[in-house]
Structure formats: C-alpha cells, structure tokens
Engineer: 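One structure, as structure tokens, below. Some questions next.
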Amino acid sequence: MATAKKLTIAVDGYSSSGKSTMARRLAAATGYRYIDSGAMYRAVTLYALEHGLFDADGQPDVEALAAALPHLKIDFSPAGDDGRQHTLLNGCDVEHDIRTLRVSEHVSPVAAVPEVRHALVAMQQALGQEGGIVMDGRDIGTTVFPHADLKIFVNASARTRAERRFAEMQAEGSQVDFEEVLANVMQRDHIDETRTESPLRRASDAIDLDNSHMTPEQQDAWLMEKFREAEQKI
Ligand code: DC
C-alpha cells in the first residue's frame, strides 16, 4: 500500500491568538511534527538580552546580532511530561525563559531584523523539508512555505488575546498587570504588521479562523475537517 503523502501545514496569526495550541493539537492528532517558529525568534531575543545586545531604547545592535547568528543553535526537545516540546538554545532548555514579559517586550524589533529573519526562515525551511509538519508563526504561509498544502490564518480581538495571555502568565506564576499585557499585544500587532521584512500578512490562499468564541474542541473539529479536505486534494 502506498504511504499517503504528508502535508505541510502553515498556521499564521496574531500574537496570543491561540494558534500555537491549535497547531500543537493538530500535530498530535495527525502524528505530524509541530514547530513553534515564534519560539525561535524568542530564543534569539533571549540570547541578545543575555549578551547585552540592546541599547537603552530597547533596540538591538544589528551588527552584533548578525555576527552572533551563526553561533546560535536552536532545537526542540521531544515532548516531555507536560506534552510540550521545549526550545533549546545551544543545548540549554530555555522554554521558560523565552516566555517572560521581558522577552515578549523585546522580541518584535529582533524579529524585524532582516539578517535574523533570513537565518530563521532558512532553519524553518530545513525543518519542513520532508513534510509532515505543522508550523505556526506570522509568515509561514507567505514566506517560509508559500506552497503549503493547508494554510490557516487565525484571528481574535486584541482584548480576547490579551485575556488569554494574562491567564497563561498568571498560571505560570508571573505577577503581571492586565493593561500591560494588553498594551504589549497591541504594540506587537503594530510592529508585526508594519515591519518591512516579511510583515504579518494573510496569504491570499489561507483559510480564516476567528476563534474568539470557539472552545478548543470546536477548533480541533474545525481543523481536522480542513486537514481531511487538504488530504483529499494532494
Ligand atoms: O508567536 P509568538 O508571540 O511567540 O512570537 C514571538 C514574536 O516573534 C512576535 O513578536 C512575532 C515574531 N514572529 C515573527 O516575526 N515571525 C514568525 N514566523 C513567528 C514569530
């Protein structure tokens, strides 16, 4: 019996739109590999913070960052007891450290640096070479995998997304202020949408999903239906 071709699936959308959870659950249900491309931008940002590569205005030193890129190795560990794979930066588990508000506040200018984008897009394309992958991010359907078999664009209002992020951070034990989280979500939307290099854009052939009022189970069912339809097409 011929083995079914494995799809390449791109899930793009705004920050905290729930796309990572969706993408991870779809990967688990289909046996595909899940890659969180945002974690890769966060890992580079953590490195820049730890090595003093930001100026007082929070802008990265582009030259120093570009010089450091060839020395950064970003991997993902297999899923652990918590069912999540952890991001590894040069062999160290940085999964917790890359999710702090400090990293969230510095990541957008790093993700706007062309050298960073080129390096990470190349790594992401290499990870997806064999298909059988669900990758989430901002430019997966437009730049990383423009020929993906299934492209989903996820959206929800900024307030809904900030509420989710706030709940997540509280659950992780972070002391945060809701208005600060909302301001960060809105500021990241703005930077992600207006940067020159690969701005957050919906691919013209993406399927839209506004999940503001959907339960995780409804999202899973919706996604599985789109997955089956895409499988029929290849
Ligand atoms: O999805 P996230 O919030 O963890 O992403 C972190 C940052 O990285 C966010 O500001 C947008 C940026 N990003 C990007 O520019 N391109 C991607 N493919 C993924 C994330």
Side-chain angles (χ1 to χ4, degrees), residues 8-24 34-49 54 58-60 65 69 72 74 76 84-87 89 94-128 133-146 148 151-156 158 160-162 164-166 168-169 172 174 176 181-203 206 211:
T8 298
I9 303 173
V11 181
D12 286 302
Y14 288 88
S15 65
S16 305
S17 57
K19 61 187 178 335
S20 304
T21 310
M22 272 179 56
R24 193 181 309 115
Y34 165 64
I35 299 290
D36 173 358
S37 69
M40 301 169 80
Y41 289 94
R42 287 174 177 273
V44 174
T45 305
L46 179 69
Y47 178 93
L49 281 166
F54 284 96
Q59 290 308 309
L65 198 53
L69 285 169
L72 297 190
I74 301 170
F76 294 95
R84 299 174 74 126
Q85 50 187 15
H86 287 200
T87 311
L89 174 61
V94 292
E95 188 56 33
H96 178 262
D97 296 354
I98 62 170
R99 308 286 169 195
T100 57
L101 192 54
R102 184 162 171 254
V103 168
S104 297
E105 282 170 349
H106 286 82
V107 64
S108 286
V110 169
V113 174
E115 288 86 345
V116 171
R117 298 209 74 84
H118 294 164
L120 295 192
V121 166
M123 280 186 214
Q124 291 151 9
Q125 288 172 335
L127 287 164
I133 193 165
V134 186
M135 190 176 290
D136 81 327
R138 304 293 190 288
D139 60 342
I140 310 305
T142 51
T143 305
V144 180
F145 300 132
K151 298 181 186 179
I152 311 284
F153 192 83
V154 194
N155 202 357
T160 302
R161 290 183 284 123
R164 289 180 186 154
R165 187 77 198 108
F166 181 66
E168 247 170 48
M169 294 177 91
E172 285 162 8
S174 302
V176 279
V181 175
L182 177 61
N184 177 250
V185 164
M186 291 171 66
Q187 190 201 12
R188 280 202 287 156
D189 285 358
H190 178 72
I191 302 181
D192 290 347
E193 285 170 333
T194 54
R195 67 170 172 245
T196 339
E197 188 77 23
S198 268
L200 167 63
R201 236 176 344 105
R202 176 191 175 283
N211 63 4

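Order of appearance sets the numbers: ligands from 1, and atoms from 1 within every ligand.
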Engineer: If we only count N/O pairs under 3.5 Å, is Y41 in contact with ligand 1?
Structural biologist: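 So ligand 1 has no N or O lying under 3.5 Å from an N or O of Y41.
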Engineer: With no hydrogens and no angle check, just 3.5 Å: does a side-chain donor-acceptor pair link E172 and H96?
Structural biologist: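 Judged by distance alone, the side chains do not pair up.
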Engineer: Of the side chain and backbone of V144, name the one, both, or neither that has a heavy atom under 4.0 Å from an atom of ligand 1.
Structural biologist: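 V144 to ligand 1: no contact under 4.0 Å from either part.
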Engineer: Checking a contact table here: which protein heavy atom is nearest atom 9 (C) of ligand 1, and how many Å away?
Structural biologist: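 Atom 9 (C) of ligand 1 sits closest to the protein heavy atom R138 NH2, 3.4 Å.
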Engineer: Need the ligand 1 atom indices (1-based, order shown) with element for anything under 4.0 Å from a heavy-atom of R117.
Structural biologist: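 Listed by number with element: 14 (C), 15 (O), 16 (N), 17 (C).
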Engineer: Within a strict 4.5 Å, meaning less than it, do heavy atoms of the T160 and R164 side chains meet?
Structural biologist: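 Sidechains of R164 and T160: in contact.
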Engineer: Output the list of atoms in ligand 1 that are nearer than 4.0 Å to some heavy atom of R195, sorted by atom number.
Structural biologist: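 Listed by number with element: 14 (C), 15 (O).
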Engineer: Give the residue and atom name of whichever protein heavy atom lies nearest to atom 20 (C) of ligand 1, and the separation in Å to one decimal.
Structural biologist: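 The answer is G38 CA, 3.5 Å.
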Engineer: If you count the atoms of ligand 1 from 1 in the order shown, which ones are under 4.0 Å from a heavy atom of R188?
Structural biologist: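 Those of ligand 1 that fall under 4.0 Å from R188 are 3 (O), 6 (C), 9 (C), 10 (O).
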Engineer: Could you tell me whether E105 and R102 make a salt bridge, using a distance below 4.0 angstrom between a side-chain N and a carboxylate O?
Structural biologist: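 No, E105 and R102 are not salt-bridged.
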Engineer: In terms of residue, atom name and distance, what is the protein heavy atom nearest to atom 18 (N) of ligand 1?
Structural biologist: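 The protein heavy atom lying closest is D139 OD1, 2.8 Å.
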Engineer: Identify, by atom number and element, the atoms of ligand 1 in contact range of A111, meaning under 4.0 Å from any of its heavy atoms.
Structural biologist: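 Counting atoms of ligand 1 from 1, those under 4.0 Å from A111 are 12 (C), 15 (O).
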Engineer: When you check the side-chain N and O atoms of R202 and T142, is any donor under 3.5 Å from an acceptor?
Structural biologist: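 The criterion, which ignores hydrogens and geometry beyond distance, is not satisfied for T142 and R202.
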Engineer: Would you mind telling me which of L69, L72, I74 makes a side-chain contact (heavy atoms from CB on, under 4.5 Å) with L120?
Structural biologist: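 The passing option is I74.
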Engineer: Run through Q124, R117, R201 and flag the one making a side chain to side chain donor-acceptor pair (under 3.5 Å) with D139.
Structural biologist: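 The single option meeting the side chain to side chain donor-acceptor pair (under 3.5 Å) with D139 is R117.
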Engineer: Show which atoms of ligand 1 fall inside a sub-4.0 Å distance from at least one heavy-atom site of R42.
Structural biologist: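 Answer for ligand 1: 2 (P), 3 (O), 4 (O), 6 (C).
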Engineer: Specify the closest pair of heavy atoms between V113 and P60, including all atoms of both residues, with the distance to one decimal.
Structural biologist: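 Scanning both residues completely, I find the closest heavy atoms to be CG2-CG, 4.1 Å.
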Engineer: Against heavy atoms of V107, which atoms of ligand 1 measure under 4.0 Å?
Structural biologist: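 Atoms satisfying the 4.0 Å criterion: 7 (C), 8 (O), 10 (O).
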Engineer: With a sphere of 6.0 Å drawn around CE of M123, does it hold more than 12 non-hydrogen atoms of other residues, nucleotides or ligands?
Structural biologist: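 Above 12, so yes.
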Engineer: Which of the numbered atoms in ligand 1 are under 4.0 angstrom from any heavy atom belonging to K19?
Structural biologist: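 That gives atoms 1 (O) of ligand 1.
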Engineer: Nearest non-hydrogen contact with atom 19 (C) of ligand 1 belongs to which option: S37, S108, S20?
Structural biologist: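 The option holding the nearest heavy atom is S37.
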Engineer: Could you check whether any side-chain heavy atom of R138 comes within less than 4.5 Å of a side-chain heavy atom of S15, counting everything from C-beta outward?
Structural biologist: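 They are in side-chain contact.
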